[in-house]
Amino acid sequence: MAGEESSNAAALRAWRMKILTSTWLAYAGLYFCRKPFYVAKRTLAEDLSLDTAQLGEIGTAYLVAYTLGQFLSAGVGQRRGARVVLLVGMAVSIGCNLMFAFANNYWTLFVFMFVNGLAQATGWPSVVGTIGRWTRRAERGTLMGLWGTCYQLGGVAATSWAGFWLARQGTKGAFLAASTVLFGAWVVV
């Protein structure tokens, strides 16, 4: 009986570590499909003849959708499951970034940036809800402190990654490279 309890405890610890790792990778990975637009704005403006106001409108579309999506995805996650909502959001964000790579006008960027905002909004409610379910209340502060490095490191890495590929392959390269990183995180999740 004691051996069975020890085996169950070890299995639970391993599962919790998988949850922490996969949610960390998911949230850090989402930044890779969030940052390229902002890194590539100047190049997009030149390539597509966009002015500052249009770039601001595209960025605003993302922020409005992200705000609305936070409320929507939390409710949907409770009904459908956080993992499903997160995986769908990640997949949609990958698709949007693929579309950005081939966008040739303002409206394509605007529409898919709005959709990307909704998709990106699935991240926080999904991962925090999952972590809350798989951790003890007494350890959440410490674990969330460690886990929270995903958005700082993810943001820095994503910005650097987008800049690296933008300099070598232009906007198309920046968006495609971002999609590959998030796809890798999607596979892990």
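As the structure is a prediction and not an experimental result, all values here were calculated from the model.
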Same apolar cluster (I L V M F W Y, side chains within < 4.5 Å links), L109/F102 = yes
Nearest heavy atoms of L30 and G123, plus distance in Å = CD1-CA, 3.6 Å
Any L86 side-chain heavy atom under 4.5 Å of M90 side chain | yes
Interatomic spacing from CG in N97 to OG1 in T180 - rounded to 0.5 Å = 10.5 Å
Are L166 and L44 linked, directly or through other ILVMFWY residues, by side chains that come within less than 4.5 angstrom of each other?
-> no
Heavy-atom pair with the smallest gap, counting every atom of A65 and F114 = CB-O, 3.0 Å
Which atom of C33 lies closest to which atom of I94, heavy atoms considered = SG-CA, 4.3 Å
To the nearest 0.5 Å, how far apart are CH2 in W147 and CD1 in I131?
-> 4.5 Å
Under 6.0 Å from the CZ atom of R42, do we count more than 12 heavy atoms belonging to anything else shown?
-> no
Scanning both residues in full, the closest heavy-atom pair of A185 with G29 reads CB-CA, 4.4 Å
Closest heavy-atom pair and its distance - T108, N104 | OG1-OD1, 4.4 Å
S93 side chain vs G89 backbone, donor-acceptor pair below 3.5 Å = no
How many angstroms lie between atom CD1 of I19 and atom CE of M17, to the nearest 0.5 angstrom?
-> 12.0 Å
If you round to the nearest 0.5 Å, how far is OH of Y38 from OH of Y62?
-> 6.5 Å
For V85, does its backbone N or O pair with a side-chain atom of R80 as donor and acceptor, under 3.5 Å?
-> no
Without swapping roles, check the side chain of Q70 against the backbone of P125 for a donor-acceptor pair under 3.5 Å.
-> no
Among F175, Y31, W161, find the residue that satisfies the side chain to side chain contact (heavy atoms under 4.5 Å, CB included) test when tested with P36.
-> F175
In Å, rounded to the nearest 0.5 Å, how long is the span from CH2 of W165 to NZ of K172?
-> 14.5 Å
Does F32 belong to the same Ile/Leu/Val/Met/Phe/Trp/Tyr cluster as L25, with side-chain heavy atoms less than 4.5 Å apart forming each link?
-> no
4.5 Å side-chain heavy-atom contact, V188 and W24 = no
Please lay out, stage by stage, how F183 and L98 fare under the test side-chain contact (heavy atoms from CB on, under 4.5 Å).
-> CA-CA 11 Å; F183 179 73; L98 293 174; over 6 Å; no
With the side chain counted from C-beta on, respond yes when L48 and N105 share a heavy-atom pair under 4.5 Å apart, and no when they do not.
-> no
Under 6.0 Å from the six-membered ring centre of Y27 and within 45° of its axis: does the NZ or CZ of R34 meet both?
-> yes
Are L63 and F112 grouped together when hydrophobic residues (ILVMFWY) are joined by side-chain heavy atoms under 4.5 angstrom apart?
-> yes
Minimum heavy-atom distance L50-Y106, with the two atoms named | CD2-CB, 3.7 Å
Common cluster, F110/Y66, ILVMFWY with side-chain heavy-atom separation under 4.5 Å | yes
Is there side-chain contact between M113 and F100, with at least one heavy-atom pair below 4.5 Å?
-> yes
CZ of R83 to OG of S22: how many Å apart, nearest 0.5 Å?
-> 8.0 Å
Return yes if some donor-acceptor pair links the side-chain N/O of S73 with the main-chain N/O of G69 below 3.5 Å, else return no.
-> yes
Between the side chain of T122 and the main-chain N/O of L118, is any donor-acceptor distance below 3.5 Å?
-> no
Please confirm whether the backbone N or O of L146 pairs with a side-chain atom of T149, one donor and one acceptor, at under 3.5 Å?
-> yes
